[in-house]
Amino acid sequence: MSGTEPRRTQPPEASGLRPHALRCDHRTTPLGTGERAPLLGWRLAADRRGDDPAAYRVRVAEDPGALADGGRPLWDTGRVEDPDALGVLYAGPPLRSRTRYHWRVTVWGAAGTGEGARTETGAAAGPGEATSWFETAFIGDGAPEWRASWITHDPRPVPVMDAPTEGERALDDHGLAPCPLLRRAFTATAVTRARLYVSARGLYEVRLNGVRAGDAELAPGWTDYTRRIQYQTYDVTALLRDGENVLAATLADGWWSGFVGFEPRRAGAHYGTFPQLLAELHLTGADGRTAVVATDATWRTGTGAVRHADLLMGECHDLRHAADGWELPGFDDRALRPALVTDADHRLLVASVDEPVRAMAELPARTVTRTGARRHVVDFGQNLAGRVRLRVTALATGARVTVRHAEALDDDGGLYTANLRTAAATDVLIGDGRPHTVFEPGFTYHGFRYAEIDGLPELSAADITAVALHSDTPWTGAFACSDPTVERLHRCVEWGQRSNFVSVPTDCPQRDERLGWLADAQVFLPTAARNADVAAFFTKWLRDIEDARTPEGGFTNVAPRLAGVADEGAPGWGDAGVIIPWHLYRTYGDPRFLSRALPAMRAWVDLIRRHNPDLVWRHKVGPHFADWLAPGTPTPREVVATACFAHSAHLTARAAEALGERATAREYHRLAAAVRAVFTERFVRTGGEDRTGGEDRNDRAGLVIEGDTQTGYLLALAFGLLPADRTDAAVRRLAELIESAGPALRTGFLGVALAAPVLDSYGRADLAHALLRRTEVPSWLFPLRHGATTVWERWDGWTPEAGFRAPSMNSFNHYALGSIGEWLHRGVAGLDQRPDSVGYRHLRVRPRPGTLTRASARYASVRGTAEVRWERRDGVFSLWLRVPPGADAEVYVPTADPASVRESGAEPGHDGQVALLAAEPEHAVYRVASGTYHFTAADTVPERPVPDEPLTLVGSHQEGTP
Ligand code: BGC
């Protein structure tokens with residue numbers, strides 16, 4: 001967590017460092033951690049330049065009073081001199097299960113102790129302090145303290161709550177069963193603390209006295225349930241009453257026993273065949289006495305209104321089956337069946353490490369269009385993942401309302417559902433004559449912008465809402481620029497993330513797939529990690545990746561692992577197991593991302609080496625997706641694979657280096673160098689020796705990478721595979737290929753993520769801008785002209801000439817091509833960290849204006865908020881920036897006239913916090929300390945700024961306002 005660079009000192013009066021955003025294992029006040037040594041982290045804010053931390057102290061105590069000076073905390077780090085600290089791993093006495101711990105961080109500024117320092121107002125500043133808490137659940141994985149048993153509803157028919165009904169046509173063909181209801185009544189008095197620990201093999205929703213516990217959706221989340229099952233913790237103290245109480249749960253199949261993926265021979269029941277519940281309610285009284293209500297054979301079970309619920313197929317509520325009051329005290333449950341105990345195996349239980357899926361946004365109907373006597377199509381104006389909430393009045397007994405979902409409309413204004421493949425994505429409500437009903441499914445989600453409501457003669461926009469669901473990853477990034485279409489692209493990228501971060505990072509939310517594809521996630525991670533704090537989300541998914549590994553130690557193509565999807569990781573897919581931990585470490589500075597992953601990283605690279613002794617990766621390539629979905633000439637498979645091999649070996653070496661494992665680092669650096677040499681030897685020819693085209697298409701200094709595709713050059717340049725004296729020629733050839741194509745890309749999932757960053761870092765940001773702002777196929781902006789609100793799977797998912805592409809694989813909400821998002825932040829706006837920086841310790845601010853007139857990016861980094869804003873106006877380039885405490889920045893002011901540069905209106909460096917590093921032809925480079933700065937300079941950017949017009953939609957297949 002710390003580096004060794006010496007820190008500058010600051011004027012003694014500068015203090016007022018404020019720790020904030022305290023986190024425990026990357027979460028805010030987590031209720032129910034199972035970690036023995038959680039990471040306690042904080043961010044910093046300050047008002048003055050160079051106000052940097054020098055030392056911290058962390059105290060942890062059960063009694064918050066013990067955190068005060070002079071108190072006796074459980075653990076006290078004492079004052080630790082570490083200017084780079086982002087947090088500290090708890091290393092005190094063993095944490096107890098089911099206990100709340102309070103903790104306080106104190107941060108001293110670099111001026112000294114902080115004590116006695118003065119603020120601007122003259123008041124004593126003192127060190128900055130902030131307090132937070134975390135609470136343990138069951139410490140350790142599979143803790144032996146559990147007493148609950150797994151229980152379920154006995155599937156044999158139950159007369160009272162399960163009367164057969166006329167006209168019911170549940171999605172029988174799919175063999176879906178009614179959702180089990182499970183209840184347990186108990187008495188309690190004077191409870192002062194109640195915690196519910198709960199999980200399901202399947203999905204659960206729990207209520208205490210009719211009120212829902214927490215707001216998690218689709219809990220306990222998706223893992224390989226044969227390896228690991230998460231549980232969640234809820235504080236239900238406020239829901240208890242004196243006297244009779246009822247704990248009640250509804251279960252659904254979810255990923256456990258429902259439909260997942262696309263394999264027709266194994267469409268459902270991947271992990272189990274019927275859902276089960278496990279719960280413990282721990283009660284503490286005012287007198288300190290404790291009691292536990294746990295799932296066991298005393299629970300009563302039946303079924304009710306939810307006739308089936310499935311992630312892909314949808315959900316059916318038949319109100320005629322509603323068992324009114326079943327979740328409340330006073331309900332006569334004698335006619336229900338006793339629960340069936342399946343087992344009491346707790347070994348796989350783990351406290352969840354991420355925030356759950358929650359209902360994160362509600363979108364009103366934009367338009368409601370009548371398409372039949374009792375049928376309407378609703379446009380929510382945004383493609384999303386979630387479900388519809390519908391208010392219905394007076395639905396006759398047995399009358400049926402059907403809600404179908406789609407991402408697009410067909411030519412007749414009806415839903416286009418062919419691309420959902422076998423996902424029925426259909427929710428059904430069957431009435432019982434009640435005057436008012438609110439219908440919102442609880443155990444399914446769909447990918448849609450449009451919904452068709454069939455069965456209601458009238459539908460008002462006020463009666464229908466779309467509810468967006470996704471894993472709760474706090475938003476950390478913002479981007480804006482002068483081109484509204486590029487801003488809209490960024491919104492599409494954000495919605496792709498929201499729609500696909502649903503317990504695991506999925507490829508798409510709509511069709512019968514929704515799998516955690518590794519390559520999609522690795523190419524999108526840099527963008528995702530700018531938009532949101534995904535540290536906890538990926539901590540969980542890295543465990544899924546680990547769980548999914550093959551017996552030989554290889555990474556897979558999807559995680560959690562799913563029968564029916566080829567296991568053996570393909571190049572670029574399996575490599576995600578190496579790339580993702582490395583990127584998380586660089587972003588969040590938490591070395592556990594590397595220490596937990598390093599053995600698997602090594603095993604992966606070793607496996608490739610073992611099966612490919614000549615270092616050309618051609619064996620053990622799994623389903624080799626190569627540069628998936630690239631239009632035009634495919635990049636040779638061995639070129640893609642060997643480049644990935646070199647990259648994985650290199651990152652494994654760097655991970656070992658970061659962890660101080662020097663011998664391991666040397667071993668993998670050597671391997672990486674050997675693979676790079678083989679890459680050059682086998683696949684790189686100078687112009688005269690071009691094997692691929694036969695002709696000499698370059699001058700002697702030119703170079704051709706086998707296949708001569710854009711992705712070939714991008715991989716070689718991005719991964720540093722070429723000898724230094726060959727990179728210029730490779731950049732030239734790459735630029736030629738892009739220019740002669742449009743300028744346009746011919747890249748697939750792997751190449752696309754590299755295009756703008758590579759062009760930028762090799763001096764062709766102009767070309768990256770040309771690609772960014774292109775509006776014809778293939779381009780990022782083409783779909784926007786046709787009403788897209790999320791990034792498509794294919795560049796040409798729909799064209800005016802050909803209409804929809806083949807529905808077998810044509811999602812309109814895939815984030816892989818949205819990997820451009822990161823470059824908008826770090827290239828266009830120019831907010832980046834140096835390649836050697838970890839946890840935003842050293843920022844690099846280097847705007848790439850292109851023809852834009854302004855851009856900005858903000859990022860709540862792990863160290864504190866970083867921000868860049870620039871504008872070109874009247875021949876002046878203005879650049880504002882904020883560098884968080886504890887960081888510094890290298891600032892590239894784009895001007896050929898360094899003498900014109902001013903900082904806050906004066907000569908740069910007037911206050912000792914700005915130093916000129918270099919004056920280069922295109923920019924003057926400064927180093928600045930933490931704080932806020934405003935540079936101005938003569939605007940000599942070669943591209944003329946062009947004020948932008950809003951985009952005009954043409955030939956949209958998606959009606960309504962984009
Ligand atoms: C998914 C992709 C995935 C790919 C593997 C597709 O069906 O939607 O995003 O990476 O398969 O090639």
Side-chain angles (χ1 to χ4, degrees), residues 222 259-264 266-267 311-312 383 385 407 418-423 425 446-447 492-493 495-497 499-502 504-525 527-528 541 544-545 548 554-577 579-580 621-631 634-635 637 640-641 644 711 747-754 778 783 790-797 804-821:
W222 185 10
F259 287 81
V260 190
F262 47 70
E263 169 57 67
R266 188 74 189 276
L311 293 169
L312 297 184
N383 202 359
E407 295 184 285
N419 68 332
L420 307 187
R421 302 195 305 219
T422 66
H446 313 294
C492 287
V493 170
W495 272 101
Q497 177 165 345
S499 316
N500 283 298
F501 277 30
V502 179
V504 308
T506 62
D507 55 339
C508 54
Q510 72 298 87
R511 67 181 178 222
D512 57 355
E513 183 142 6
R514 312 185 193 183
L515 302 177
W517 285 101
L518 268 68
D520 303 44
Q522 65 91 351
V523 300
F524 190 66
L525 172 61
T527 299
W541 197 54
D544 296 332
I545 289 181
F555 294 119
T556 48
N557 293 299
V558 299
R561 191 167 170 199
L562 198 76
V565 184
D567 281 343
E568 201 174 275
W573 271 250
D575 296 292
I579 296 168
I580 289 175
V621 287
H624 211 324
F625 302 115
D627 189 24
W628 183 245
L629 297 188
T635 305
R637 291 150 62 103
V640 172
C644 289
T711 292
T747 50
F749 281 18
L750 298 184
V752 72
L754 309 175
T790 40
V791 175
W792 294 355
E793 179 174 24
R794 297 172 177 275
W795 297 116
D796 57 351
F804 291 106
R805 285 282 305 240
S808 56
M809 230 193 48
N810 195 21
S811 143
F812 292 102
N813 199 353
H814 242 67
Y815 53 54
L817 300 185
S819 54
I820 182 67

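Both counts, for ligands and for their atoms, begin at 1 and track the order of listing. As the structure is a prediction and not an experimental result, all values here were calculated from the model.
Between the side chains of S499 and N813, at least one donor N or O sits under 3.5 Å from an acceptor N or O. For the 3.5 Å distance criterion, the side chains of T556 and D567 fail to qualify, holding no donor opposite an acceptor.
The protein non-hydrogen atom at the shortest distance from atom 7 (O) of ligand 1 is E513 OE2, 2.7 Å. Nearest to atom 9 (O) of ligand 1 among the protein's heavy atoms is D520 OD2, 2.4 Å. Regarding atom 4 (C) of ligand 1, its nearest protein heavy-atom neighbour is W628 NE1, 3.6 Å.
Interface atoms of ligand 1 facing F625, defined by a heavy-atom separation under 4.0 Å, are 5 (C), 12 (O). For ligand 1, the atoms closer than 4.0 angstrom to any heavy atom of F749 are 9 (O). Proximity to H814 (heavy-atom distance under 4.0 Å) selects the following atoms of ligand 1: 1 (C), 2 (C), 8 (O), 9 (O). Of all the atoms in ligand 1, the ones that sit under 4.0 Å from a non-hydrogen atom of D507 are 1 (C), 8 (O), 9 (O). Within the listing of ligand 1, atoms 8 (O) sit less than 4.0 angstrom from a heavy atom of E793.
A salt bridge does not link R805 to E793: none of the charged side-chain nitrogens sits closer than 4.0 Å to a carboxylate oxygen.
Contact detail for Q522 and G572: the closest heavy-atom pair is NE2-O, 3.1 Å. Scanning all heavy atoms of the two residues, the minimum distance from W541 to A559 falls at NE1-O, 2.9 Å.
For the pair H624 and ligand 1, no heavy-atom separation below 4.0 Å is found.
In this pair, Y815 and F524 present their aromatic rings parallel. The plane angle is below 30°, not in the 30 to 60° band. Between W517 and F262, the ring planes are parallel. Angles under 30° get that label, and only those over 60° would be called perpendicular.
Atom 5 (C) of ligand 1 has its nearest heavy-atom neighbour, among F262, W517, Y815, in W517.
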